[in-house]
*Asks:* 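Dropping the structure in here first, questions after.
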Number of protein chains: 2
Amino acid sequence: MDILEINKILSNQLRLNILDWLKTPEDHFPAHKELGHFNDGVCVQYIGTKAGISQSTVSSYLSSMQKVGLITATRHGKWTYYKRNEEVIRNYIEHLSENL
Amino acid sequence: MDILEINKILSNQLRLNILDWLKTPEDHFPAHKELGHFNDGVCVQYIGTKAGISQSTVSSYLSSMQKVGLITATRHGKWTYYKRNEEVIRNYIEHLSENL
DNA sequence: ACTACATTTCGGTAATTATCGAAATGTTTT
DNA sequence: AAAACATTTCGATAATTACCGAAATGTAGT
């Protein structure tokens with residue numbers, strides 16, 4: 001668990017927003033046409049549109065977030081879906097409680 | 001409580017170190033000649049020396065940390081002593097638990 | 001294996017943060 | 001109120017991060 005890296009990721013408002021939106025995808029994104037559910041989260045395109053940033057930027061944000069474990073990626077057909085990794089998030093906070 | 005600002009401050013290793021050292025000053029700093037205790041924390045000079053950064057840099061770090069409330073400053077004679085503000089730190093973590 | 005479309009990677013520039021030394025300012029004690 | 005010393009503020013430059021558009025790559029269905 002690289003606390004410093006996670007903190008860096010959490011020091012950007014857009015990335016905080018993304019993490020927040022992913023808590024309740026149904027409140028922030030249209031249901032995906034093909035899947036009709038959010039079991040594996042939300043696809044890159046929807047997140048980028050919502051955030052108002054380019055595909056390349058959102059992709060880079062998401063992969064950095066995935067790298068430290070905050071979110072997980074699942075591929076369904078053409079799309080990659082991202083969702084929160086609640087366990088890692090919980091661990092992170094737990095770690096802060098003990099060490100900050 | 002400005003979570004984003006606090007996260008930014010916590011995304012620097014040196015500032016994390018400072019916060020850590022201030023948990024047990026007696027383990028990391030010499031007892032101050034004039035005071036002989038750490039009730040109000042540690043002076044800027046000692047922290048800067050320990051961190052290996054210039055006075056201006058450490059001063060800027062400390063004031064940014066104070067600005068968001070993570071530490072408090074107390075002046076004793078010629079020196080300004082800084083110590084952790086445990087309440088704010090606890091609140092921050094509590095806030096993360098509920099909102100991250 | 002080609003098309004159509006989604007996603008990622010690759011340079012590139014603008015904005016922010018890191019960090020310094022020097023100058024300015026504050027405090028205590030003469 | 002001047003000396004001696006501590007601390008903060010003020011530019012300046014190096015390093016990092018924020019983003020973008022274009023090119024490259026991956027995938028599903030012809």
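Labels below follow one simple rule: chain letters A, B, ... track the order of the sequence lines, proteins then strands, and each chain is numbered from 1. These numbers come from a predicted model, not from an experiment.
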*Asks:* Could you state the NZ-P distance from A/Lys67 to D/dT17, rounded to the nearest angstrom?
*Replies:*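 It works out to 11 Å between those atoms.
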*Asks:* Just to be sure I understand the rule, does A/Ser59 reach a base, reach only the sugar-phosphate, or reach nothing, if contact means heavy atoms closer than 4.0 Å?
*Replies:*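 Here A/Ser59 touches the bases of the nucleic acid.
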*Asks:* Need to verify one output field. Residue with the more 5' nearest nucleotide on DNA chain D, A/Ser11 or A/His76?
*Replies:*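 Per heavy-atom nearest nucleotide, the more 5' residue is A/Ser11.
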*Asks:* Determine: side-chain N/O of A/Asn12 to OP1/OP2 of D/dC19, distance under 4.0 Å, yes or no.
*Replies:*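 It does, given that an N or O in the side chain of A/Asn12 lies less than 4.0 Å from OP1 or OP2 of D/dC19.
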*Asks:* Rounded to the nearest angstrom, tell me the gap between atom CD1 in A/Ile71 and atom P in C/dT7.
*Replies:*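 The answer, rounded to whole Å, is 14 Å.
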*Asks:* Just compare D/dT8, D/dG26, D/dG21 and give me whichever is closest to any side-chain atom of A/Arg75.
*Replies:*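 Within the option list, the nearest is D/dG26.
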*Asks:* How long is the line joining NZ of B/Lys8 and C1' of D/dA18, in whole Å?
*Replies:*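 Between C1' of D/dA18 and NZ of B/Lys8: 11 Å.
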*Asks:* Expressed in angstrom and rounded to an integer, what is the separation of B/Gln55 atom CD from C/dA23 atom P?
*Replies:*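 Distance check: B/Gln55 CD to C/dA23 P gives 17 Å.
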*Asks:* Please determine, for the side chain of B/Val44, which listed nucleotide (C/dT7, D/dT8, C/dC20) has the closest atom?
*Replies:*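 Ranking C/dT7, D/dT8, C/dC20 by closest atom to the B/Val44 side chain puts D/dT8 first.
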*Asks:* Should A/Arg15 be listed as having a side-chain N or O under 4.0 Å from OP1 or OP2 of D/dA18?
*Replies:*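 It does, given that an N or O in the side chain of A/Arg15 lies less than 4.0 Å from OP1 or OP2 of D/dA18.
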*Asks:* Backbone N or O of A/Leu16 within a donor-acceptor pair of the A/Asp20 side chain at under 3.5 Å?
*Replies:*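 Checked: no pair found.
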*Asks:* Return no unless some side-chain N or O of A/Tyr82 is found under 4.0 Å from OP1 or OP2 of C/dT8.
*Replies:*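 Yes, within the criterion.
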*Asks:* Sub-3.5 Å donor-acceptor pair from the side chain of A/Thr49 to the main-chain atoms of A/Gln45, do we have one?
*Replies:*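 Present.
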*Asks:* For the CD atom on A/Glu87, are there more than 12 heavy atoms of other groups (residues, nucleotides or ligands in this structure) within a distance under 6.0 Å?
*Replies:*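 It does not: A/Glu87 CD has 12 such atoms or fewer within range.
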*Asks:* Tell me what A/Tyr81 touches on the nucleic acid: a base, only sugar-phosphate, or nothing, going by heavy atoms under 4.0 Å.
*Replies:*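 No contact.
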*Asks:* Does one side chain, of B/Asn7 or B/Tyr92, offer a donor that lies under 3.5 Å from an acceptor on the other?
*Replies:*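 Yes - a donor-acceptor pair under 3.5 Å links their side chains.
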*Asks:* Verify the contact: side-chain N or O of A/Thr57 to OP1 or OP2 of D/dC20, cut-off strictly under 4.0 Å; return yes or no.
*Replies:*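 True: A/Thr57 side-chain N/O within range (under 4.0 Å) of D/dC20 OP1/OP2.
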*Asks:* Rounded to the nearest Å, what distance is computed from the CG atom of residue A/Asn7 to the C1' atom of nucleotide C/dT17?
*Replies:*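 Rounding to the nearest Å, CG of A/Asn7 and C1' of C/dT17 are 16 Å apart.
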*Asks:* Does B/Lys78 put a side-chain nitrogen or oxygen below 4.0 Å from OP1 or OP2 of D/dA4?
*Replies:*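 Answer is no, no contact under 4.0 Å.
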*Asks:* Looking at B/Tyr61, I'd like to know whether one of its side-chain N or O atoms comes within less than 4.0 Å of OP1 or OP2 on D/dT8.
*Replies:*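 For D/dT8, OP1/OP2 do not have a side-chain N/O of B/Tyr61 under 4.0 Å.
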*Asks:* Given D/dC20, is OP1 or OP2 found less than 4.0 Å from the side-chain N or O atoms of A/Ser54?
*Replies:*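 Indeed, a polar side-chain atom of A/Ser54 lies that close.
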*Asks:* Side-chain donor-acceptor pair under 3.5 Å between B/Ser59 and B/Ser56, yes or no?
*Replies:*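 No - no donor-acceptor pair under 3.5 Å links their side chains.
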*Asks:* Over how many whole Å does the gap from A/Met65 atom CE to C/dT8 atom C1' extend?
*Replies:*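 My rounded result for the distance is 17 Å.
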*Asks:* Rounding to an integer number of Å, can you tell me how far B/Gln66 CD sits from D/dT9 P?
*Replies:*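 My rounded result for the distance is 10 Å.
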*Asks:* Return the value, rounded to whole Å, for the distance between atom OH of A/Tyr46 and atom P of C/dC5.
*Replies:*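 These atoms are roughly 16 Å apart.
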